[in-house]
Amino acid sequence: MARKIDIGEKWKPEEATGRQKECMQKVEAADFEIYSRKLELICAEAREIFAKMGSAQMLQSGDLAVGIYTAEGDLASCVIGVYLHLVTGQIPIKYVLEKYGNDPTVGIREGDMFFCNEALYGGIHNPDMIMFMPIFAEGELIAWALAAVHEGDTGAIDPGGMSARSQTRYDEGMHLTPVKVGENFKLKQDLIDMMENMVRDPRQQTIDLKARAAACMRVRKRLLEEIVAKKGVDFVIGLMRLNIETSIDAAKKRIAKLSDGTYRSVLFLDAAGLQEGLLRISVKLIKRGDQIIIDLSGTSPETDKGPWNAFAHMVAAASAVYLFQYIFHDLPPSNGCLVPFTFNVPEGCLLDASPDAAVAVAVITLGHTVFYGMHICFSKMLFNSDYRDLSCAGMWIPAPPMLYGGINQWGQQVAGLLADQLNGTGTGARRDGDGINSAGFNYCPIGVFPDAEFNEIQLPWIYLFRNKHMQDNHGFGKYRGGSGLMFAMVPHNTAGMVFACSQGGCRIPPNSGLFGGYATLTPPGIQVTGTNLKEMMAKADPQIPFDVMDLVINKPVTGEYKVESMLRSFRWIPEGDVFLQPTVAGGSYGDVLEREPSLVIEDVSQGITSHWVAQNIYKVVYDVETLRVDLELTMKARADEREARKKRGIPYRDFVKSWSHKKPPEEILGSYGEWPIPASSL
Amino acid sequence: MTVSIDIDIGGTFTDCYVVYGDQFISNKAPTTHYNLSVGFIQAIKGAADKLDLDYEELLEETEVIRYSTTTALNSLIERKGPKLGLITTAGFEDTILIGKGSQWAHGIPLADQKNIAAISKPDPLIARDMIVGLRERVDCFGNVVIPLTKEEILDKIQYLVDNGCQGFVVSLLWSFANPGHEHLVRQVIEEEYPDHYLGHMPVILSSEVSPRLGEYPRTMTTILSAYLQGSMRDHLTVLGQELRDNGYKKPLLLVHSTGGMAKISRTMAVNTCNAGPVAGLFGGIHLAKLYGLENVAVTDMGGTSFDIGLVVKGGIPFYQFNPTIDRWQVNTSSIETKSIGAGGGSIAWIRPDFGTMEVGPRSAGSMPGPACYDRGGIEPTVTDADLVLGYLNPDYYLGGRMRLNKEKAMHAIKSKLADPLGISIEEAALRLCRIVDGHMGNEIFKETALKGYDPREFSIFALGGAGATHCAGFGRYLDAQKIFIPTMGSVFCAFGSSAMDIVHVYEIYKHFILQEPRGGAKFKDYKSFNEVVEKLQEMSRRDLQAEGFGQKDIIFSLELEMKYGTQLHTTRFTSPKIWIRNEEDVKKIISGFNTAYGELYDPIGAFPEGGMEIETFILKAVVPRMPASISSHSFEGKDPGLALKGYRPAYFDDSVWFQETPIYDREALRCGNVVKGPAIVEGQDCTIVVPEDYVYQVDHYLNGVMERSE
């Protein structure tokens, strides 16, 4: 069995040292404002060069993380990015400090560079590869720089590194515990060669490793030249700790202003491994004063059906993503924000897996689910507060990861995770407006939805359609969710490609709407094989479909159509056949009957909402030719619907009574745990 | 005798800089937003008056008028463009609405990007119902996958025309690799709507405006060109006629954000955005040469923003990687200048929950303006703090053209900052100034550091109404070598265009593998490489000959956008070779790229073993112009006593409280005068704060130079 280290609460700040306390006194208020921002700017600069130097899709698209840590390994500052990596990155740094700091065979010296992609040592899953570098001044270790990004391949059983087929850690490819890969500011060639030897795209592995190193080097250079040289070592030590202390203080004050209570969000996943199944994740947020307990009791047990497991520290990291993006977006981005939180992750549940468990898709399936649970609980809490503007529905989760592998048009082997379907997700609706169409990825909204041409020049396919919003895939409500897309890839200039998707969500929409809004669409996985598409293209056949609805409903392309779960194992798609993948949408806010009819019609005119939904869900009466609304008839239709609702409604007590008798079929409860609530409890 | 006129239209004033033989005249006139031509003419008339010339007389003698216009940007912000139709590839109709997903983050400050609950995308310049997709397709090699038919085009353009289309933007996938389909669209439209009919509508092709990889920025660049063209054309037609009617015989030259200028007939509207700050940057180059400075940060602190541009090794270092105009990412070769929300009107506030002071990016603007303007503003601003601290003279603001209300400034700072923080008004004002100075210092740091330069190696040119007051403050955060406060600072952008060369920039996308991975074969197809360069040179010769320049006048330089194998993003650098004749030339380009890459990022990131590829060729064709020289003055002694106006208390340090501080009249200071800090130098256009540890000296050009005292 793999070794599991004691992580405890290493994502929280260590106790302030005497030196830190002393140094904090030397930081004046105005200097704190200026240099606290400078820490972020240093990370922003490193982020820019990191993204421009890399190769993996997530790196090119800017879904990455750069942070500055104290000498003790606490996150002191960072720039907007994948906060998940930044929180988990503390754990391997602290491990290296404890384990190797005084070990003469390893040690921590100026110019060293450490690498880690082992979830057991603080990561989430092994495609997330991080590099961290100690920063010395006047012979003293004063800080660490960290650069992290999801890599394209890990040498797992399937291309792309996060295979839904993996059932234990031994199916997941390269796992490296924290290891020194660089000395004297140079990467060690023997270790580069070793890594290249483990993966399918060795050039990508190496250039991304170098990009991480360059990002760390830039953070180090700027910290030393721009702050240490001007203000001294003590100032930097005090500044970093003050960032953390300020976050602690502000986070507590903000939480104290919110209403005490217990807030719940229960979510279900409709797959375990490649099989259909039901999993339950329960997020209960208990808020008292300036403290919050996040209780995951009632979550399904660890599963051996596939990589739908995670290690407990992921819960804190995924929660931090929500906190940094929403309720604490304006605080210094340090681990001080996490101090008010206590996490209860029951032993043996799928969020506290055993060391040998497969966790390859934990970041997507479970991380997103915890993120979403936090989002909903907080949105309920925030509604009754001065921070009501932060109350909103969530993005579609879990974002579906699409993987690919093959030989590209340049004759080179390629494998990886595509950024399209993640970075084109719509956001949830807000208290006062719609969600944003195709806005980004919930883990890193600033990430870029790549131009189709950028992908087509590197990868051997053409998109039959891609940059086109999918009709009705968002949640409907007073304010609708942001729309997503559906795109179709046709292998081109290659014999074919393998494609897969490591996430379900076709049966149960994992994210509900908020305050009466609809949940989002549950998009299917679609493929068409044995097609005549190439012939149709060559003769400019007017029946070529440029829209998913046209393709699936009218079936103008001959071939075998398969409409199935979005969760799909790797399959070979030959040149000229079609593989479709959705980028998903946001949940909605409020009752559909309260939506302004003019907004409904605007969406209809843009193709985002269908006539059927406008007429039957939103109850808008209009002329379908001119789109002119009949307000009087609309009012009447809505009044009628309200009356119909009353007739359909039953007392809550009766509903619970009838609903409690229902139970899903036994065959999908194999990984669920005890019905109806898995045994783990606080 | 050289006679030239340079005009820069800003938000408040239209600046004019005239070279008339050995005389240099600057003049300002209010910008007339209802018709920019009126302010333009008024500015020239004022300059003619100063020269004792008739307006017509000056125009008749003028050899060149250069114009940095904001017309384009104004019409963009005000959404005054025509109703356009976008013709794109079917299945990609929402490209400009998706905007690479994170379009919501383009053109907004970092702090706003972090608030995910409040993000929003800008309203599109072309509504969704005016976008059509053509059934066609080209692949990455430029091969046609789905042929385009005339019937398809006719069908789609008819829809757009029926819906009120006033012009067509055509942006098809991979059109830069094979523009055939875009050409066919134009041909069909021109056949249907020939230019001798009233219904003729312009057709703008992405393959001609922006032949680069990336459908979103390429499409947006093309849309902006089309959108801005209409409003600019009307304004420039009226202006050109006015100038011609009054004696000016030469073509009007427009300044480009690419760093050159060209006749109206050779100018794309999108290239005129941000021309003013770019012209200012060229003024910086001109001055830097006079002073023998290699690296300069040209800064301009006005009422609402702080603009920065860099001069590196005496020239312009970088074009923007993905320039943003308003909220739109484009891919023009624009020279980079940055702007942040830090100016005299920036509002200070207390951040909830942790009680620290923040400054900006919100600004009080000019209406209501800072509290001390006494126009109803109640928020404390940078200008209010400057007044409270005694830096500004309430009776001599802008040379006495505007009076300030100190009581209002004190009240705003007390109620909004000092009382909540539990500190004195003066402490709050000083903290406000230190924070805004720090932010500006940080921004210069970011601009220099992000491009791989050491900020400490830069001098600063401080321009703008508030720049002189705060330059010592923000320069402190950079350890700037010297801070220059030019006398022509108030018309610096107009001055800058007088120093610009004629520059045309041409680009061709062409993919070549320069070296195979793992030290494999080097590039051999020299002929194809050289054909691309030849084609670019031919394009430039055609344009420059039309402007009256011969082959011998033109200097060419070649820039390449290259990458290592598997990278997506390219890195632009100046190629050491324009032509490839042999393997040595290939090696020189490879070596040049490795060096440039290492300098920009870090040598540890270079990966030649992964293979090296060229993606885009950029040719710059330059016709150098001789800028007018600046008058030099003789040394008149160090003593500034004759310029001393009096004393007033000013507050520089919490530990010292107010000190009686000498006040000098800038216009009365003479060459060689030395003013030791603490001191304040009041001028017609700005107030210079000289802190205790600085010395201010008037140099041979009557510019002010500040340095840290020994």
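Every chain is numbered from 1 and lettered A, B, ... according to where its sequence line falls, protein lines coming before strand lines. Remember, predicted model here, so these are calculated numbers, not experimental data.
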Polar side-chain atom of [X] near backbone of [Y] as donor-acceptor pair, under 3.5 Å:
{"X": "A/Glu456", "Y": "B/Asp139", "result": "no"}
{"X": "B/Asn115", "Y": "A/Asp330", "result": "no"}
{"X": "A/Arg37", "Y": "B/His439", "result": "no"}
{"X": "B/Gln567", "Y": "A/Met53", "result": "yes"}
{"X": "B/Arg137", "Y": "A/Ile462", "result": "no"}

Can you tell me if A/Gln204 and B/Thr566 form a side-chain donor-acceptor pair at under 3.5 Å? no
Partners meeting salt bridge (Lys or Arg N to Asp or Glu O under 4.0 Å) with A/Asp389 (sequence neighbours left out):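 Partners of A/Asp389 under the salt bridge (Lys or Arg N to Asp or Glu O under 4.0 Å) test: A/Arg431.
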Heavy-atom contact with chain B under 4.5 Å, split by part of [X]:
{"X": "A/Phe50", "answer": "neither"}
{"X": "A/Arg203", "answer": "both"}
{"X": "A/Glu196", "answer": "side chain"}
{"X": "A/Ala256", "answer": "neither"}
{"X": "A/Leu331", "answer": "both"}
{"X": "A/Asn493", "answer": "side chain"}
{"X": "A/Ser391", "answer": "neither"}
{"X": "A/Met486", "answer": "neither"}
{"X": "A/Lys257", "answer": "side chain"}
{"X": "A/Lys230", "answer": "side chain"}
{"X": "A/Gln458", "answer": "side chain"}
{"X": "A/Phe454", "answer": "both"}
{"X": "A/Glu225", "answer": "both"}
{"X": "A/Leu187", "answer": "both"}

I need the contact set between residues 91-98 of chain B and chain A: heavy-atom distance under 4.5 Å, sorted by residue number.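 At a heavy-atom separation under 4.5 Å, chain A is reached by B/Gly91, B/Phe92, B/Glu93, B/Asp94, B/Thr95, B/Leu97, B/Ile98.
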Please classify the contact of [X] with chain A as side chain, backbone, both or neither, using a heavy-atom distance under 4.5 Å.
{"X": "B/Ala127", "value": "neither"}
{"X": "B/Glu615", "value": "side chain"}
{"X": "B/Trp174", "value": "both"}
{"X": "B/Tyr477", "value": "both"}
{"X": "B/Leu110", "value": "side chain"}
{"X": "B/Ala118", "value": "backbone"}

Within-4.5 Å side-chain heavy-atom neighbours: [X] and [Y]:
{"X": "B/Gln329", "Y": "A/Val448", "value": "no"}
{"X": "B/Trp104", "Y": "A/Ile446", "value": "yes"}
{"X": "B/Glu215", "Y": "A/Arg466", "value": "yes"}

Please lay out, stage by stage, how A/Asp31 and B/Arg434 fare under the test salt bridge (charged side-chain N to carboxylate O under 4.0 Å, His left out). CA-CA 8 Å; A/Asp31 277 344; B/Arg434 284 183 62 191; 3.2 Å; yes
Atom pair CG/NE2 of B/Asp112 and A/His329 - distance to nearest 0.5 Å: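 Rounded to the nearest 0.5 Å, the CG-NE2 separation comes to 9.5 Å.
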Let me confirm one number: the NZ-CG distance from B/Lys100 to A/Asn423, rounded to the nearest 0.5 Å.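 Here the rounded value is 11.0 Å.
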Charged N to carboxylate O below 4.0 Å: is that the case for [X] and [Y]?
{"X": "A/Lys210", "Y": "B/Asp602", "answer": "no"}
{"X": "B/Arg431", "Y": "A/Glu33", "answer": "no"}
{"X": "A/Glu40", "Y": "B/Lys114", "answer": "yes"}

With a 6.0 Å cut-off on ring centres, are B/Phe141 and A/Trp410 close enough?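 So the answer is yes for these two rings.
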Can A/Lys52 be said to sit on top of B/Tyr601's aromatic six-ring, NZ or CZ under 6.0 Å from centre and within 45° of the ring axis?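 Geometry flag: not set, cation outside 6.0 Å or 45°.
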